[in-house]
Amino acid sequence: MIHGPSLGIGAGIASIVIIVIFLGFQGSQPELTIEPAPEIQESGSPKITMNTFLANGSPILGNPNAPVTLVEFGDYQCHFCNVFFHSTEDQILENYVETGKVRMIFKDYNIIGPDSVTASHGAHCADDQELFWEYHDILYSNWTGENNGWASSENLVKFAQEVGLDLDEWSECMNTQKHSQTILASNEDAKSLELTGTPAFFVIGPDGKTTRIFGAQPFEVFENIFETELGKTK
């Protein structure tokens, strides 16, 4: 797995076309229905920009100049986020991220419980030592359910030790809740996109067109969209 450096991400406003793909969270052969998304600049509605997708998240995983971007909104306690991590993410990394075709960003959408927020803090504090993705991976590798204590403060310390973090620095970051605003902003980004569950994914093509994918879909669903977007670069 490639662990890219934390990079500043441009926040320029873009005109975004969103194609919504409504997919069931379960089912071996989901039927794909493509519809236009609701208007995204209605009066009183949160303003949707490229910043909504790219800011307040993880460091970039992969080639920062990759033509296609995959953004995941997830909760570390989420069952289907864990399913995606174990069943699909490795294939995406091997075939698209590690080959420089797709870059990946993880954003927090904490909808399950307090331990979800604490786990997010743990990952962002690990990012201060350039170990975000290692901590992200160890969280999902130790997932055992929702709100059952596996992401307790005590266990988060153990995970920090296992990935080789400086515990004094990491603990100070946790105690001061240094990244609270980033986590809160990411959650607000998810709400502005009207997300109702996790995981939710956005594939941003080289022309700014954005496709939304709901649920822990199989690799082939991502592959088809990636290939369509990559075809625009030829």
Side-chain angles (χ1 to χ4, degrees), residues 1-5 7 9-10 12 14-38 40 48-55 57-74 78 80-107 109 132-133 136-137 140 189-190 193-234:
M1 181 180 298
I2 301 172
H3 298 282
L7 300 171
I9 302 174
S15 174
I16 304 168
V17 179
I18 300 181
I19 299 175
V20 183
I21 299 183
F22 292 99
L23 301 174
F25 280 71
Q26 301 185 63
S28 57
Q29 297 294 332
E31 182 178 351
L32 307 187
T33 304
I34 300 176
E35 300 179 3
I40 61 176
I48 306 299
T49 70
M50 286 303 292
N51 211 36
T52 308
F53 300 100
L54 304 180
S58 70
I60 291 172
L61 182 61
N63 175 9
N65 297 314
V68 176
T69 302
L70 174 64
V71 181
E72 175 187 359
F73 282 85
C78 157
F80 285 103
C81 299
N82 187 59
V83 170
F84 167 78
F85 175 78
H86 287 285
S87 65
T88 305
E89 185 171 308
D90 280 348
Q91 294 178 79
I92 291 175
L93 294 177
E94 179 181 353
N95 291 282
Y96 290 98
V97 176
E98 294 176 6
T99 57
K101 299 174 183 177
V102 173
R103 61 180 185 168
M104 188 170 177
I105 297 169
F106 181 90
K107 296 193 62 168
Y109 190 22
F132 177 93
W133 287 100
H136 164 280
D137 292 357
Y140 281 127
D189 290 337
L193 292 165
E194 301 182 343
L195 300 184
T196 58
T198 55
F201 303 89
F202 294 86
V203 179
I204 305 171
D207 59 357
K209 182 176 287 186
T210 302
T211 305
R212 180 161 58 181
I213 305 171
F214 286 123
Q217 298 301 328
F219 170 70
E220 290 74 20
V221 171
F222 292 89
E223 180 182 38
N224 289 338
I225 297 171
F226 291 156
E227 291 299 327
T228 297
E229 295 303 326
L230 289 168
K232 298 174 183 178
T233 65
K234 299 177 180 178

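Counting from 1, the numbers follow the sequence of the chain as shown. Worth saying up front: this structure is predicted, and the values here are computed from it rather than measured.
Scanning both residues, Thr52 and Ile48, for their nearest heavy atoms gives OG1-CA, 3.7 Å. The two residues Gly100 and Asn63 make their nearest non-hydrogen contact at O-ND2, 3.6 Å. Heavy-atom minimum distance, Ala200 versus Phe214: CB-CD2, 4.4 Å. Val97 approaches Met104 most closely through the heavy-atom pair CG2-CB, 4.5 Å. Across every non-hydrogen atom of Arg103 and Ala66, the tightest pair is N-CB, 3.5 Å. What you find for Gly57 and Lys107 is that their closest heavy atoms are CA-CG, 4.0 Å.
The aromatic rings of Phe106 and His136 sit perpendicular, their planes meeting at an angle over 60°, well past the 30° parallel limit.
The CG atom of Asp90 sits 10.5 Å away from atom CG of Asn95, with the distance rounded to the nearest 0.5 Å. Note that CH2 of Trp133 and CD1 of Ile60 are 10.0 Å apart. Values are rounded to the nearest 0.5 Å. Expressed to the nearest 0.5 Å, how far NZ of Lys101 lies from CD of Glu227 amounts to 6.0 Å. Separating the CD atom in Glu223 from the CD atom in Gln217 is a distance of 14.0 Å, to the nearest 0.5 Å. In this structure, CD1 on Ile213 lies 7.0 Å from CG on Leu70, to the nearest 0.5 angstrom. Separation of atoms OG1 (Thr210) and CE (Met50) is listed at 5.5 Å; rounding is to 0.5 Å.
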Exercise for the section: Could you go through the side chain to side chain contact (heavy atoms under 4.5 Å, CB included) check for Phe53 and Thr69 one step at a time? Expected result: CA-CA 10 Å; Phe53 300 100; Thr69 302; over 6 Å; no
Exercise for the section: Evaluate the criterion side chain to side chain contact (heavy atoms under 4.5 Å, CB included) for residue pair Val102 and Glu229; output intermediate values, then yes/no. Expected result: CA-CA 10 Å; Val102 173; Glu229 295 303 326; over 6 Å; no
Exercise for the section: Tell me, with the steps shown, if Ile92 and Phe219 meet side chain to side chain contact (heavy atoms under 4.5 Å, CB included). Expected result: CA-CA 7 Å; Ile92 291 175; Phe219 170 70; 3.9 Å; yes
Handout entry: Intermediate values then yes/no, side chain to side chain contact (heavy atoms under 4.5 Å, CB included), Asp137 and Phe85
Key = CA-CA 8 Å; Asp137 292 357; Phe85 175 78; 3.5 Å; yes
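You'll find the ring centres of Phe222 and Phe201 inside the 6.0 Å limit.
Residue Glu94 places its CD atom among 12 or fewer non-hydrogen atoms of other residues, nucleotides or ligands, all under 6.0 Å distant.
Checking side-chain atoms of Ser87 against main-chain N and O of Pro218 turns up no donor-acceptor pair under 3.5 Å.
Side-chain contact between Leu195 and Phe202 is present, with at least one heavy-atom pair separated by less than 4.5 Å.
Only one option out of Ile204, Thr233, Asp207 pairs with Pro67 in a side chain to side chain contact (heavy atoms under 4.5 Å, CB included); it is Thr233.
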